[in-house]
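To keep things clear, I will list the structure first and then write my remarks on it.
Residue numbers count from 1 along this sequence.
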Amino acid sequence: MTKWADFGVFRVKYNDDHSAIVELEIRADQGTAFGEAHRVARSWVVDAIERGRTFVTSHLANNKYQRGEDVRV
């Protein structure tokens, strides 16, 4: 696997009315695998993107990670 971004986003949690993401499950993209899962607040991800970190959505299909969309502010 080629490194896609600094972090992969694997799950999101929405607020009660489902209008905004409040929490994300991210894993560091290590190039050959993804690291341990961490739950972080949306504000943490926004701040990281503004500091130059990159994020991409990802999901597991057929026992293989699939690249999704780049995450943007």
Side-chain angles (χ1 to χ4, degrees):
M1 175 179 116
T2 304
K3 188 170 178 171
W4 295 334
D6 294 317
F7 297 95
V9 175
F10 290 84
R11 289 189 175 108
V12 296
K13 179 180 176 184
Y14 288 90
N15 61 1
D16 290 338
D17 66 359
H18 222 256
S19 62
I21 294 171
V22 295
E23 186 177 82
L24 300 89
E25 179 184 292
I26 64 170
R27 296 171 183 248
D29 184 343
Q30 299 169 335
T32 57
F34 285 98
E36 184 178 328
H38 297 278
R39 289 183 177 179
V40 296
R42 174 185 174 175
S43 59
W44 187 92
V45 174
V46 169
D47 185 55
I49 291 171
E50 289 174 346
R51 289 184 285 117
R53 295 292 186 104
T54 57
F55 292 79
V56 65
T57 61
S58 184
H59 64 279
L60 194 59
N62 300 319
N63 293 322
K64 186 176 179 184
Y65 288 112
Q66 304 294 315
R67 181 186 171 118
E69 298 292 323
D70 292 339
V71 178
R72 298 177 294 283
V73 175

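Atom OH of Tyr65 and atom CZ of Arg27 lie 5.0 Å apart (nearest 0.5 Å). With rounding to the nearest 0.5 angstrom, the CD atom of Glu25 is 12.5 Å from the NZ atom of Lys13. The CG atom of Leu60 sits 8.0 Å away from the CZ atom of Phe10 when rounded to the nearest 0.5 Å.
Cluster annotation: Ile21 is connected to Ile49 through the hydrophobic network of ILVMFWY side chains, with a link wherever side-chain heavy atoms come within less than 4.5 Å.
Each of Val45, Val46, Asp47 was evaluated against Val73; a single residue qualifies, Val46, per the side-chain contact (heavy atoms from CB on, under 4.5 Å) test.
Contact check for Phe55 versus Leu24: no side-chain heavy atoms found under the 4.5 Å cut-off. Counting heavy atoms from C-beta on, the side chains of Tyr14 and Val22 never come closer than 4.5 Å.
Side-chain atoms of Asp29 come within 3.5 Å of backbone atoms of Ala5 as a donor-acceptor pair (strictly under, hydrogens ignored). Looking only at distances, no side-chain donor or acceptor of Arg53 sits under 3.5 Å from a matching main-chain atom of Arg51. The backbone N or O of Ser19 sits less than 3.5 Å from a side-chain atom of Asp17, completing a donor-acceptor pair. Judged by distance alone, the side chain of Ser58 and the main-chain N or O of Val9 form no donor-acceptor pair under 3.5 Å.
Within 6.0 Å of the CZ atom in Arg67, the count of heavy atoms belonging to other residues, nucleotides or ligands exceeds 12. Surrounding CD of Glu69 are at most 12 heavy atoms belonging to other residues, nucleotides or ligands under 6.0 Å away.
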